[in-house]
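FYI, side chains are in, hydrogens and waters are out, and symmetry mates aren't considered; it's all heavy atoms of this structure.
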Amino acid sequence: MTYREDMASPTGAQRRELQLPESGPGSAGGIGRRIAALFIDWFASLLIAALINGGYNDGRFDQGLLTLAIFYLQVTVLTWSFGSAFGQRILGLVVAPVGRPRVGLPAVALRTFLLCLVIPAVVMQPNGRGLHDLAAGTVVVRR
């Protein structure tokens, strides 16, 4: 599933407009679903980190950094392999490429890294794309 990006503007300035349907499959994923998916992914990463640490932080690993590393790995691998992370899959969302047939591993790795930094993900454009989506050339849509 790919989405066309129109770069032409009447003023000559570059302007991006996604050609997405208003509702249903292929429409932009709502912010509520996206945040819920993020919490599901973070909670799954937290559980895995707790299992690795034996349920508590005994000083072997920093629990927060371990959770963040697991989150980064699971979101990157699942998004690259299946088009959506665990939480996105549950909530019917998919990360779709803009202007190309597939999202490559470098783009997914960059997108997830920026998501982990939080600020690029909360700075949103009116069309619902965060800075992490812009940098990776992606858009989150409903399945």
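- Rounding to the nearest 0.5 Å places CD1 of I48 at 10.0 Å from CG of L73.
- With rounding to the nearest 0.5 Å, the separation of CZ in R111 from OG1 in T76 is 9.5 Å.
- Residue L105 is grouped with residue V103 when hydrophobic side chains (ILVMFWY) are merged at heavy-atom distances under 4.5 angstrom, including chains of intermediate members.
- Side-chain atoms of R33 come within 3.5 Å of backbone N or O of L91 as a donor-acceptor pair.
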Pair L110-L114, side-chain contact (heavy atoms from CB on, under 4.5 Å): steps then yes or no: CA-CA 6 Å; L110 173 65; L114 293 173; 4.0 Å; yes

One pair to check against side-chain contact (heavy atoms from CB on, under 4.5 Å): F86 and V75. What are the steps and the verdict? CA-CA 8 Å; F86 182 65; V75 170; over 6 Å; no

Step by step, work out the side-chain contact (heavy atoms from CB on, under 4.5 Å) result for Q88 and T79. CA-CA 9 Å; Q88 291 171 328; T79 302; 4.2 Å; yes

Would S45 and T67 count as a side-chain hydrogen bond (donor to acceptor under 3.5 Å, both in side chains) if you check the C-alpha gap in whole Å, the side-chain angles of each, and the deciding distance to 0.1 Å? CA-CA 5 Å; S45 300; T67 303; over 6 Å; no

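- Once rounded to the nearest 0.5 Å, the distance linking CG of L78 with OG of S84 reads 8.0 Å.
- The shortest non-hydrogen separation linking W80 to G104 is CD1-C, 3.7 Å.
- Counting heavy atoms from C-beta on, the side chains of L131 and M124 never come closer than 4.5 Å.
- The shortest side-chain heavy-atom distance between W42 and L68 falls under the 4.5 Å cut-off.
- In the hydrophobic cluster analysis, where Ile, Leu, Val, Met, Phe, Trp and Tyr join through side-chain heavy atoms closer than 4.5 angstrom, V140 is grouped apart from F39.
- The shortest non-hydrogen separation linking L93 to G29 is CD2-CA, 3.7 Å.
- The residue from V98, V94, V95 that alone fulfils the side-chain contact (heavy atoms from CB on, under 4.5 Å) condition with V139 is V98.
- For the pair V108/T112, a side-chain contact is recorded, criterion being any heavy-atom separation below 4.5 Å from C-beta on.
- Electrostatic pairing of R34 and D133 counts as a salt bridge here, judged by a charged N lying under 4.0 Å from a carboxylate O.
- Two residues are said to be in side-chain contact when any heavy atoms from C-beta on lie closer than 4.5 Å; F113 and L117 meet this criterion.
- Across all non-hydrogen atoms, the minimal contact from D41 to G87 is OD1-N, 2.6 Å.
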